[in-house]
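Let me begin by presenting the structure, written as structure tokens, before commenting on it.
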2 protein chains.
Amino acid sequence: MNRLNTTIRYAVRAVLVLASHRDNPISIKEISEHEDLSVKYLEQLFLKLRKAGLVKSVRGMYGGYFLARPPDKISLGDVIKAVQPNGVYAAPCTRKSKHCIREKNCSAHEYWEKLRALLDDFFASTTLATLKD
Amino acid sequence: MNRLNTTIRYAVRAVLVLASHRDNPISIKEISEHEDLSVKYLEQLFLKLRKAGLVKSVRGMYGGYFLARPPDKISLGDVIKAVQPNGVYAAPCTRKSKHCIREKNCSAHEYWEKLRALLDDFFASTTLATLKD
DNA sequence: CTAATCCATAGCTTTATAATAGGATTGTGA
DNA sequence: TCACAATCCTATTATAAAGCTATGGATTAG
């Protein structure tokens, strides 16, 4: 319904928690309680975040996750790409992998390209530190 | 999946057709053939567009639709609002009707507000004539 | 009067998201 | 060394939304 889905929103909230507690690893359980999100759902997200190299993990007791880079080096776009490889695209036809057969004579195409550029720019230029001052 | 849905995309394409044939009413059938969209689906869209005052209709034989205002006076936002009253909102918590209980201590909230503003601005400032020069 | 068109509502089908389940693996510390 | 607490991984289910179809009625030109 034209909104960023929970995957993205939860992931951003989760990494923001890590961004504000950088001294030691935070467990999923703590994040779950802090943000009132399902443990199992968070597990899936962190799996992707880790594979994307945004966070690192410590296993075993007193383990958890921490940011792999300082907050100002992690953009919203990084997080989005991690949990949702296709990213946020205004219209299917502006998706990288998918070529639009109508593109040439689609009057609306340029609108969506402009929008896509706008979003890409916003996500690339906004980091986890952006709102902290 | 984080894209503008077909409702919005089809509606924009449809009104763009009207924008480029302003001499006489265009029937839904013609738009359907031109854009390769279902007649019945278009009918639903035009019902909303008409009620929003963006297009006017001529009933009966040789009837059809035409823009109620010149293309440069119709923004993407107008079209979106017409077919989808809630508009495009980045996150549920930035939706007008819905108050977010976490807003006060949600670190991500400001991101979505900024994004919402960005989108609102884009949709408001882009008209059906924007890409025509 | 009849064909073309708009008007309106209801319901079906499919897809994608959201969430859950269950277990395997790894490290800590008593 | 053993219990425990955490990450790690895959699969499955449930739910909601989007997308579309079907049906019937109202209106008007020719």
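The sequence lines fix the lettering, A, B, ..., with proteins before strands; numbering per chain opens at 1. These values consider heavy atoms only, across backbone and side chains, with no hydrogens, waters or symmetry-generated copies.
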Original post:
Given the rule in the salt bridge (Lys or Arg N to Asp or Glu O under 4.0 Å) test, do B:Glu113 and B:Arg116 qualify, once you have shown the distances and angles that lead to the verdict?
Top reply: CA-CA 5 Å; B:Glu113 282 295 354; B:Arg116 179 188 179 83; 5.1 Å; no
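- Neither OP1 nor OP2 of C:dT17 sits under 4.0 Å from any side-chain N or O of A:Thr6.
- In this structure, OH of B:Tyr41 is placed 6 Å from P of D:dC20, rounded to the nearest angstrom.
- Counting only distance, with no hydrogens or angles, the side chain of B:Thr126 and the backbone of B:Phe123 share no donor-acceptor pair below 3.5 Å.
- Atom NZ in A:Lys48 sits about 17 Å away from atom P in D:dT7, given to the nearest Å.
- Applying the 3.5 Å distance criterion, the base of D:dT7 shares no donor-acceptor pair with the side chain of A:Lys29.
- Rounded to whole Å, the distance from CG on B:Leu37 to C1' on D:dA18 is 15 Å.
- We find that CD1 of A:Ile8 is positioned 16 Å from P of C:dA16, with the value rounded to whole Å.
- In terms of phosphate contacts, B:Ser38 brings a side-chain nitrogen or oxygen within less than 4.0 Å of OP1 or OP2 of D:dT21.
- Distance CZ (A:Arg9) to C1' (C:dA18): 11 Å, rounded to an integer number of Å.
- Using a 4.0 Å heavy-atom cutoff across all strands shown, B:Lys51 reaches sugar-phosphate atoms only and no base atom.
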Atom pairs under 3.5 Å: protein N/O with N/O of nucleotides 26-30 of chain C:
| residue | atom | partner | partner atom | Å |
| --- | --- | --- | --- | --- |
| C:dT26 | O4' | A:Arg59 | NE | 3.4 |
| C:dT26 | O4' | A:Arg59 | NH2 | 3.2 |

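- Position along DNA chain D of the nearest nucleotide to A:Ser57 versus B:Tyr10 favours A:Ser57 as the more 5'-ward residue.
- Atom CG in A:Leu49 sits 10.5 Å away from atom CG in A:Asp78 (nearest 0.5 Å).
- Although no hydrogens or angles enter the test, the distance criterion places no donor-acceptor pair under 3.5 Å between the side chain of A:Tyr10 and the main chain of A:Asn5.
- Distances shown here put every side-chain N or O of A:Thr7 at or beyond 4.0 Å from the OP1 or OP2 atom of C:dT17.
- Between A:Arg50 and the phosphate of D:dT7, there is no side-chain N or O to OP1/OP2 separation shorter than 4.0 Å.
- Across the protein-nucleic acid pair, A:Leu47 atom CG and D:dC8 atom C1' stand 6 Å apart, rounded to whole Å.
- Side-chain to base pairing of B:Lys40 with D:dG19: no donor and acceptor N or O lie closer than 3.5 Å to each other.
- Between the CD atom of A:Gln44 and the C1' atom of C:dA19 there is a distance of 8 Å, rounded to whole Å.
- A donor-acceptor pair under 3.5 Å is absent between the side-chain atoms of B:Arg50 and the main chain of B:Ser57, judged by distance alone.
- Distance check, rounded to the nearest 0.5 Å: CG of A:Leu76 to CG of B:Leu115 gives 9.0 Å.
- A donor-acceptor contact shorter than 3.5 Å is absent between the side chain of B:Asp121 and the backbone of B:Leu118.
- B:Ser32 places a side-chain N or O within donor-acceptor distance of the main-chain N or O of B:Leu37, the cut-off being under 3.5 Å.
- With hydrogens and angles ignored, no donor-acceptor pair under 3.5 angstrom links the side chain of B:Glu43 to the base of C:dT9.
- Taking only side-chain atoms of A:Tyr65, from C-beta outward, the nucleotide of D:dT7, C:dC6, D:dT10 with the closest atom is D:dT7.
- The distance between atom CG of B:Asn86 and atom P of D:dA18, rounded to the nearest whole Å, is 10 Å.
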